[in-house]
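All remarks here apply to the structure that follows.
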Amino acid sequence: MEQRYHPELVEPKWQAYWKKNQVFKVTEDSSKEKYYLLEMFPYPSGKIHIGHVRNYTIGDVVVRYKRMKGFNVIHPMGWDAFGMPAENAAIDNNTHPAAWTYDNIRAMREQLKRMGFSYDWDREIATCRPEYYKWEQWLFLKMLEKGMAYRKESYVNWCEKCQTVLANEQVEQDKCWRCSQTVHQKKLWQWFFKITDYARDLLVHCDELPGWPDKVTVMQKNWIGRSVGSELKFKIDGRNDDITVFTTRPDTVFGATFMCIAPEHPMVESLSKGTSKEAEVAAFVQKVSSQERSAEGLEKYEKEGVFTGAFCINPATLEKIPVYTANFVLMGYGTGAIMSVPAGDQRDFDFARKYGLEIRVVVQPEGENFDGNTMKEAYTGEGLMVNSGEFNGLDSKKAMDAITGWLEKKGRGKKTVSYRLRDWGISRQRYWGAPIPVIHCPDCGVVPVPEADLPIKLPEDANLLEKGGSPLPGLDYFAKATCPECGRKDAKRDTDTMDTFVESSWYYLRYCSPRYDGGMFDPEAVKYWAPVDQYIGGVEHAVLHLLYSRYFMRVLNTLGMIDFKEPFTRLLTQGMVCKETMTCPEHGYLYPEEAVRNDEGKLSCTRCKSHVEVGRVIKMSKSKKNVVDPNELLEKYGADVTRLFSLFAAPPERDLEWSEDGVEGSNRFVNRVFRLALECMEKFNNTMFATGAFTGSAFELESAKAKELYIKANQTIKKVTDDIDKSFHFNTAISAVMELVNALYAIDLDSADDELKKVILFSLENIILLLSPILPHFCEELFEKLGKKGSILEQPWPEYREDCLETDEVLVVVQVNGKLRSKFTIGAQTNEAKIKETALADKKIKKHIGDKDPKKVIIIRKKQTLVNIVV
RNA sequence: GCCGAAGUGGUGGAAUUGGUAGACACGCUAGACUUAGGAUCUAGUGCCGCGAGGCGUGGAGGUUCAAGUCCUCUCUUCGGUACCA
């Protein structure tokens with residue numbers, strides 16, 4: 001008999017069995033505790049890659065484990081199906097986004113099924129289906145009604161050639177990633193969700209997410225960016241009007257010798273109007289508006305500004321100070337205006353030096369005597385107040401509240417909190433997305449689509465424009481509409497679509513009742529299943545997707561639709577799977593298989609033979625082509641080995657540089673277990689299987705060998721259980737099972753007595769159960785071969801005996817001055833005096849102590865027994 | 001610049017609260033079985049040294065009977081963020 005495991009036969013067999021018996025189909029069951037495990041749903045790009053395999057394997061292991069633990073587990077899968085790649089692919093391949101997307105979904109669904117993941121496929125959703133986005137449109141209308149959604153004019157990255165908005169990450173060095181045209185800022189009317197209303201709540205609850213990695217909550221906190229400060233009012237000279245600034249350093253207000261306002265500030269025009277500076281200011285505003293304001297852009301532009309011609313009054317000194325407009329002041333933060341304190345802020349300092357403005361020291365460390373004329377840089381620290389009237393000599397920290405309070409009494413200021421977080425702009429001038437359900441009427445303005453008209457279906461047959469941009473505005477049958485209010489026939493439908501992050505902000509609720517047509521979700525189903533108990537996905541979504549989801553749950557909570565606020569109780573951010581990139585001068589990025597070693601051992605391009613440059617090791621992504629398709633592994637080793645290997649390579653949260661070295665080891669291990677099981681079946685007589693495995697206490701066992709193995713098996717159960725349950729460290733769980741398997745291999749089955757055989761059987765059965773979440777097909781097969789009935793999924797998770805975790809002999813390690821010198825074993829119950837005596841009598845120890853007297857002997861009896869002799 | 005994470009054999013990685021550093025694998029070396037081996041099994045494998053022994057967790061200090069683990073400083077890599085007033 002050939003003793004080899006054949007995944008190509010076994011895996012389809014069990015996949016068919018699971019399907020036929022609908023083992024992964026779940027329904028609400030109030031008698032069982034629910035467990036909602038979710039992996040971030042994929043964008044249907046065409047094929048799954050190793051990163052997906054890793055992500056979904058982690059989830060699947062936990063799901064199968066929790067099932068065996070008796071939970072009613074929901075484990076759904078679906079598709080984040082809207083988005084730009086579909087539009088680009090449609091143009092490139094002369095197809096249609098819908099067709100391309102549905103084809104990809106079909107292909108990827110097959111790949112996932114082939115991996116043996118335990119999804120309840122009846123719950124599958126695709127966000128591009130009208131049945132899904134209908135409810136998103138419905139929610140939009142609700143939010144509009146409640147003032148949670150609004151429209152305003154704002155700047156976006158715009159590519160003129162493609163006629164479209166670009167996300168920040170689609171702008172590469174100021175240029176459009178598709179056509180390399182320079183991107184500029186364009187002002188457009190856009191829809192926004194008022195996420196800032198929840199800034200405080202989102203921030204505060206970051207500290208109440210114990211199941212989230214600190215890394216992620218820290219990133220969210222930084223993103224929300226709370227800072228405490230003051231709003232101070234500066235009267236405009238000669239006008240009965242104020243400019244309000246936000247500052248975190250109200251203590252330095254006496255040093256504010258000028259003011260800067262953002263070029264987009266609504267007052268810029270009126271301030272300069274009628275002054276000699278009017279033209280200059282207008283030109284400057286124009287210039288700044290064409291500047292790129294992303295991170296890369298900022299590096300290139302020097303801080304500069306122009307005097308507006310207007311003055312305002314410093315509320316503390318009552319002096320007239322000039323008002324500048326400057327390119328480094330952001331309209332989107334604070335009030336869009338700052339008081340400039342050159343002595344206390346480096347940017348203001350540089351600006352003052354450049355334009356010859358006064359630098360007045362107001363805070364300096366004790367014992368220092370700064371001079372604004374000779375200072376080399378601003379002093380941003382704390383210290384004692386000077387040049388600040390009645391506050392002189394005060395500690396600057398105390399002066400913050402004191403000065404704010406003083407100005408407040410004069411009606412010139414108040415303490416406030418400012419957030420960095422901005423409202424969420426959701427309009428996209430794109431085709432492949434959910435239409436925004438409003439109509440623009442020349443008479444009535446913005447009119448919501450009546451609920452009964454939902455969904456506003458995206459025309460799936462629209463032809464994409466060769467030059468890019470959305471075809472929707474040009475489609476009369478879509479864009480033309482009748483005003484629901486006044487009946488005017490020439491109203492216009494909003495042809496923007498929603499940001500795809502909107503779909504992913506609530507899909508996990510839809511899974512609870514995916515075919516429900518009475519609302520976004522069936523409240524009863526959500527009450528049972530939600531929130532998600534364990535969410536698993538890439539850390540790249542640490543801020544946006546996870547923040548938007550938290551926001552959405554707050555919106556639904558406010559609307560009274562759900563009774564919780566946090567969507568994901570526990571979060572695992574799995575590390576990225578990385579690989580080096582390869583580029584060729586002719587073809588740019590290459591897929592791994594497009595680079596081969598030539599005769600000289602150098603990498604060359606398969607198409608043009610030119611030299612291939614090996615680039616940095618970065619996260620696998622289709623655009624960089626450094627992706628590994630799991631199909632090859634699947635063909636060669638099957639799903640189980642692929643699963644095992646992806647888990648064994650590293651703990652889940654760690655980044656992983658992909659390499660297939662070592663996959664042989666995983667394959668070898670699976671076959672070792674297989675042969676072990678077969679050998680046992682061959683050599684154990686049938687009665688052994690009939691009477692069953694040993695499950696009693698270790699003390700009942702006669703032979704030391706049996707006892708030792710039995711304890712090892714119990715330890716393994718504990719280790720695997722803890723590793724899966726507490727830390728998701730599957731790599732160490734697997735190595736623990738490997739140790740047990742190695743221990744079994746060390747036993748000669750032919751000479752084993754019945755007692756030992758029963759313990760071997762116990763070990764073997766548990767190995768199969770413990771591995772079953774990781775190697776589901778393989779373990780089902782072995783379980784069946786051992787003569788068990790039904791699916792292994794119906795088995796309870798193994799239990800270990802607390803009293804069988806320790807042997808009655810312990811190893812004592814002996815150190816002299818902290819250095820390991822000897823070891824011996826001794827009865828576990830031996831008292832300390834005896835251990836000490838034995839240690840001191842040890843030959844090697846004697847040699848190291850020599851004739852010196854031990855000063856101190858330390859005995860530790862924790863997980864190790866250790867003796868340290870200090871001489 | 002700021003925030004965060006990580007640096008351990010040739011490689012992936014172990015080491016739960018300070019207590020045998022290198023589990024488990026990959027790779028490599030030798031041997032066994034075999035017509036054959038990319039199958040399987042056995043033994044070895046941190047570095048230096050013939051040896052006793054010494055040295056070893058990015059680097060430098062420190063605390064401790066004992067430090068990969070705690071403290072101080074520092075270097076490197078990766079991730080996030082960036083004129084945030």
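Quick note on labels: first sequence line is chain A, next is B, and so on, each numbered from 1. Because only heavy atoms are used, hydrogens play no part in the values below, and waters and symmetry mates are left out as well, while side chains stay in.
If you measure from atom OH of A:Y419 to atom C1' of B:rU81, you get 19 Å, rounded to the nearest angstrom. Between A:M400 atom CE and B:rA85 atom P the separation is 11 Å, expressed in whole Å. Nucleotide B:rA85 holds its P atom 11 Å from the CZ atom of A:R249, rounded to whole Å. Summarising the geometry, the separation between CD on A:E540 and C1' on B:rA5 is reported as 16 Å, rounded to the nearest angstrom. As a whole-Å value, the separation of A:L744 CG from B:rC41 P is 14 Å. The interatomic distance linking A:F258 (CZ) with B:rA85 (C1') rounds to 12 Å, in whole Å. A straight line from OH of A:Y745 to C1' of B:rC41 spans 10 Å, rounded to a whole angstrom. What separates CZ of A:R420 from C1' of B:rC83 is a distance of 13 Å, to the nearest Å.
Among the candidates A:D842, A:V867, A:V810, A:V813, the single residue satisfying the side-chain contact (heavy atoms from CB on, under 4.5 Å) test with A:F824 is A:D842. Exactly one residue among A:L633, A:V53, A:I50 makes a side-chain contact (heavy atoms from CB on, under 4.5 Å) with A:V628. That residue is A:I50. For the pairing with A:K718, the side chain to side chain donor-acceptor pair (under 3.5 Å) check across A:N714, A:D722, A:T716, A:T721 returns one residue only, A:D722. The only member of A:V362, A:V341, A:V363 that meets side-chain contact (heavy atoms from CB on, under 4.5 Å) when paired with A:D251 is A:V363.
A:R821 comes within 4.0 angstrom of sugar-phosphate atoms only, judged by non-hydrogen atoms across all strands, and of no base. A:K619 comes within 4.0 angstrom of no nucleic acid atom, judged by non-hydrogen atoms across all strands.
Taking the P atoms as reference points, B:rU8 lies 14 Å from B:rU69, given to the whole Å. To the nearest whole angstrom, the two C1' atoms, one in B:rA21 and one in B:rG9, are 11 Å apart. For the P atoms, the distance linking B:rG59 with B:rC75 amounts to 15 Å, nearest Å. For the C1' atom pair drawn from B:rG58 and B:rU76, the interatomic distance equals 7 Å after rounding to whole Å. B:rA14 and B:rA25: their P atoms are spaced 15 Å apart (whole Å).
Under 4.0 angstrom from either OP1 or OP2 of B:rG53 there lies no side-chain N or O belonging to A:K844. In terms of phosphate contacts, A:R675 brings no side-chain nitrogen or oxygen within less than 4.0 Å of OP1 or OP2 of B:rA39.
Judged purely by atom type and a 3.5 angstrom limit, A:T830 has no side-chain atom pairing as donor or acceptor with the backbone of A:I826.
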Produce the list of close N/O pairs, under 3.5 Å, pairing protein atoms with atoms of nucleotides 67-69 of chain B; give distances to one decimal.
none

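By the 30° and 60° cut-offs, the orientation of the rings of A:W424 relative to A:Y548 is parallel.
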Protein heavy-atom contacts under 4.0 Å, written 5' to 3' over nucleotides 9-34 of chain B as B (base), S (sugar-phosphate only) or - (none), form the string ---BSS-S--BB--BBSSS-------
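Cation-pi contact between A:R570 and A:W212: absent, since separation from the ring centre below 6.0 Å together with deviation from the ring axis within 45° is not met.
When all heavy atoms of A:P322 and A:T257 are compared, the pair lying nearest together is CD-O, 3.5 Å.
Nearest-nucleotide positions on RNA chain B place A:N222 closer to the 5' end than the other of A:N222 and A:I869.
Residue side chain A:K856 does not reach the base of B:rC65 through any donor-acceptor N/O pair under 3.5 Å, judged by distance alone.
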